[in-house]
**Student:** 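Can you read through this structure? Questions will come right after.
The first residue of the sequence shown is numbered 1, and numbering continues consecutively from there. Since the model is a prediction, treat every value here as computed from it, not as a measurement.
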Amino acid sequence: EAMATGLPVVQSTVGGSADIVDDGVSGLLVAPERPGELGAAIESIVDDTTRWGSMSRRGREIATERFDVRANAAVTIERLHSLAAAASAD
């Protein structure tokens, strides 16, 4: 959600975040349970407006490319049609 609004992301590597955040490009990934690293990562983005801007732009691009509702709906419909065609061929 932050990426979709054009904010750079600082997130721990728990869960699937590494699949969404491109570390150093659209945001920063830090190890879990490392508050010092988390704080340093946040400060590094806040203190560098050029980095903030580039991460913001790339994050928005990634969010738009990967999570576009219409594109995802079209892919889902296409897959359902393929499954239905395969099932009727059996």
Side-chain angles (χ1 to χ4, degrees):
E1 292 172 353
M3 289 170 59
T5 64
L7 292 173
V9 175
V10 177
Q11 185 169 338
S12 72
T13 55
V14 175
S17 59
D19 295 334
I20 299 169
V21 177
D22 190 359
D23 190 31
V25 177
S26 63
L28 297 175
L29 296 172
V30 297
E33 300 183 29
R34 300 277 176 97
E37 288 180 21
L38 178 63
I42 293 169
E43 286 179 357
S44 74
I45 294 175
V46 170
D47 292 342
D48 185 343
T49 58
T50 301
R51 190 174 197 195
W52 176 286
S54 65
M55 285 185 173
S56 296
R57 282 187 297 281
R58 185 60 189 134
R60 178 113 171 97
E61 290 169 0
I62 290 170
T64 301
E65 292 166 4
R66 294 186 189 171
F67 304 108
D68 180 79
V69 172
R70 290 176 194 216
N72 288 336
V75 168
T76 300
I77 290 168
E78 181 181 319
R79 289 181 182 163
L80 290 172
H81 282 290
S82 294
L83 289 171
S88 65
D90 289 338

**Student:** Are V10 and V46 linked, directly or through other ILVMFWY residues, by side chains that come within less than 4.5 angstrom of each other?
**Tutor:**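 Yes; V46 is reachable from V10 via cluster members.
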**Student:** Drop me the distance from E33's CD to S12's OG, to the nearest 0.5 angstrom.
**Tutor:**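 Taking CD in E33 and OG in S12, the distance rounds to 9.0 Å.
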**Student:** Write down the atom of T64, the atom of D68, and the distance for their closest heavy-atom approach.
**Tutor:**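 Where T64 meets D68 most closely, the heavy atoms are O-CB, 3.2 Å.
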**Student:** For side-chain contact (heavy atoms from CB on, under 4.5 Å), just list the numbers for S54 and R57, CA-CA rounded to whole Å, side-chain angles, deciding distance to a tenth of an Å, and then say yes or no.
**Tutor:** CA-CA 5 Å; S54 65; R57 282 187 297 281; 3.9 Å; yes
**Student:** Donor-acceptor pair, R60 side chain versus S56 backbone, under 3.5 Å?
**Tutor:** no
**Student:** Under the 3.5 angstrom rule, does the side chain of D22 hit a backbone N or O of V25 as a donor-acceptor pair?
**Tutor:**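 No: the side chain of D22 does not pair with the backbone of V25.
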**Student:** May I ask whether V14 and V9 are part of the same hydrophobic cluster, defined by side-chain heavy atoms of I, L, V, M, F, W, Y residues being less than 4.5 angstrom apart, directly or through others?
**Tutor:** no
**Student:** How long is the span from the CD1 atom in I20 to the CE atom in M3, to the nearest 0.5 Å?
**Tutor:** 7.5 Å
**Student:** Are M55 and V30 connected in the hydrophobic side-chain network, where two residues link if heavy atoms are under 4.5 Å apart?
**Tutor:** yes
**Student:** In the structure I gave you, are the side-chain heavy atoms of H81 and E78 within less than 4.5 Å of one another anywhere?
**Tutor:**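 They are not in side-chain contact.
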**Student:** Do L29 and L38 share a hydrophobic cluster, counting only Ile, Leu, Val, Met, Phe, Trp and Tyr and linking them when any side-chain heavy atoms are less than 4.5 Å apart?
**Tutor:** no
**Student:** Where do W52 and I45 come nearest, in terms of heavy atoms and distance?
**Tutor:** CE3-CG2, 3.3 Å
**Student:** Quick one: closest heavy-atom pair of S44 and R51, and the distance?
**Tutor:** OG-NH1, 3.2 Å
**Student:** Compare every heavy atom of L28 with every heavy atom of A41, then report the nearest pair and how far apart it is.
**Tutor:**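 Result for this residue pair: O-CD1, 3.6 Å.
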**Student:** With hydrophobic residues grouped by side-chain heavy-atom distances under 4.5 Å, do L7 and I42 end up in a single group?
**Tutor:** yes
